[in-house]
Amino acid sequence: MKKDDLKEYTGKDGKPAYIAYKGKVYDVSKSKLWANGIHMANHKAGQDLTANIVMAPHGEDVLKRVTLVGELEDKEPDLQIPPDIQLQVNIKEKYRQLYKKFHPHPVLIHNPMGLFVFSALMQAIYILSKDVSFERAAFYSTIFATLTTFPAILSGLFSWWVNYETTFTKIFKAKIIFSAILCVTSIIVCLLRTLIPNIYIEEGLLNIIYNSLIFLNVGFISYVAYNGGKITWPS
Amino acid sequence: MVKANKARISELEEMIQIVLLAIPREISAREFYLSAVAKATSDASRTMFLNLAEQEKGHEIWLRKILNDLKTELGGLKSKN
């Protein structure tokens with residue numbers, strides 16, 4: 001039977017209802033789910049439904065309950081991943097399993113997130129109290145936050161490669177750009193405080209830049225995390 | 001024409017993002033059903049979970065094909081601009 005012949009078997013006007021799946025033709029006339037040649041108010045008899053069953057809430061086993069009446073000569077090609085895509089999927093699979101087992105990005109991203117916030121909090125307390133121990137805590141926290149930013153970024157890039165084919169979309173662009181900004185600003189904070197140890201008490205532009213960057217870093221990493229949230233819980 | 005292309009590019013980028021985020025979910029769902037197959041205590045439930053796992057695989061294949069098509073169209077439009 002050819003597809004054009006199949007079109008005649010619509011289940012209407014007393015004709016039997018036939019459907020095709022993977023090159024085989026089935027008679028669904030006796031099925032209550034195919035009254036008048038229509039299934040679930042959506043699928044019509046007289047068609048090749050190979051692609052549709054893949055998307056259906058049931059498997060192909062339902063076809064065991066109907067009668068096989070023949071074969072389709074001009075069947076749809078089997079649904080398969082193109083070879084080039086299949087190759088990429090296979091190569092990445094072992095890395096994806098590793099990622100799934102250890103999920104490094106969600107683990108590592110919390111280190112800089114917590115430390116940048118802690119650093120800003122310590123700096124705020126120092127500004128209010130003038131107790132230098134809080135200023136030291138802010139500085140050391142920024143150093144550790146900066147150091148932990150790099151493994152977090154690397155694990156993020158790994159996840160982007162394994163799970164999202166390094167495809168640039170708005171979310172990934174935002175994460176990458178703001179992660180790069182965060183790297184630069186956090187390194188500037190560390191360098192300023194190391195090269196000018198009294199920067200926190202010296203009044204002037206550098207002091208303003210130093211303090212501003214400590215607080216801005218919280219905003220940058222929060223925006224990166226916000227976009228990460230969009231990946232985990234897309235709207 | 002350029003305006004229409006820009007609108008289509010924006011539309012394609014939005015669709016690519018949706019498909020891209022959907023693929024790992026289909027993979028996870030399939031693995032979830034396959035783990036359920038291992039825990040199933042009857043042939044009926046085992047078959048049901050296997051069918052569900054197969055359907056998720058089907059969704060993944062569809063999504064990868066769609067993603068490939070969308071990327072190809074986007075690449076073509078960007079090279080024209």
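Naming: A, B, ... by sequence-line order, numbering from 1 per chain. Basis for what follows: all heavy atoms, side chains included, without hydrogens, waters or symmetry-related copies. Just so we're clear, the structure is a prediction, and the values are computed from it rather than from any experiment.
- For a residue to count as touching a neighbouring chain, one of its non-hydrogen atoms must lie under 4.5 Å from one of that chain's; by this rule B:Ile18 does not touch chain A.
- In this structure, the portion of B:Ile27 lying under 4.5 Å from any heavy atom of chain A is its side chain and not its backbone.
- For A:Phe158, the CZ atom is densely surrounded, since the number of other residues' heavy atoms within 6.0 Å is greater than 12.
- Most heavy-atom pairs under 4.5 Å with chain A: of the set B:Arg25, B:Met48, B:Glu14, this distinction falls to B:Arg25.
- In this structure, A:Tyr226 places its OH atom where only 12 or fewer heavy-atom neighbours from other residues, nucleotides or ligands lie under 6.0 Å away.
- Within the 4.5 angstrom heavy-atom criterion, atoms from both the backbone and the side chain of A:Lys170 approach chain B.
- Here the shortest heavy-atom pairing between B:Pro24 and A:Asn163 reads CG-O, 3.8 Å.
- Within a 6.0 Å radius of NZ in A:Lys173, other residues, nucleotides and ligands contribute more than 12 heavy atoms.
- More than 12 heavy atoms of other residues, nucleotides or ligands lie within 6.0 Å of NZ in B:Lys71, so this atom counts as buried by the packing criterion.
- Under the 4.5 Å side-chain criterion, counting only non-hydrogen atoms from C-beta, B:Gln17 is not in contact with A:Lys230.
- The 12-atom threshold is not exceeded at OH of A:Tyr9, counting heavy atoms of other residues, nucleotides or ligands nearer than 6.0 Å.
- Contact annotation: the side chain of A:Tyr164 approaches that of B:Leu21 to within less than 4.5 Å [non-hydrogen atoms, C-beta and beyond].
- Comparing A:Thr232, A:Val162, A:Thr167 by heavy-atom pairs within less than 4.5 Å of chain B, the highest count is held by A:Thr167.
- Atoms CD1 and OG1, on B:Ile16 and A:Thr169 in that order, are 9.0 Å from each other to the nearest 0.5 Å.
- Heavy-atom neighbours of A:Asn36 CG from other residues, nucleotides or ligands within 6.0 Å: at or below the threshold of 12.
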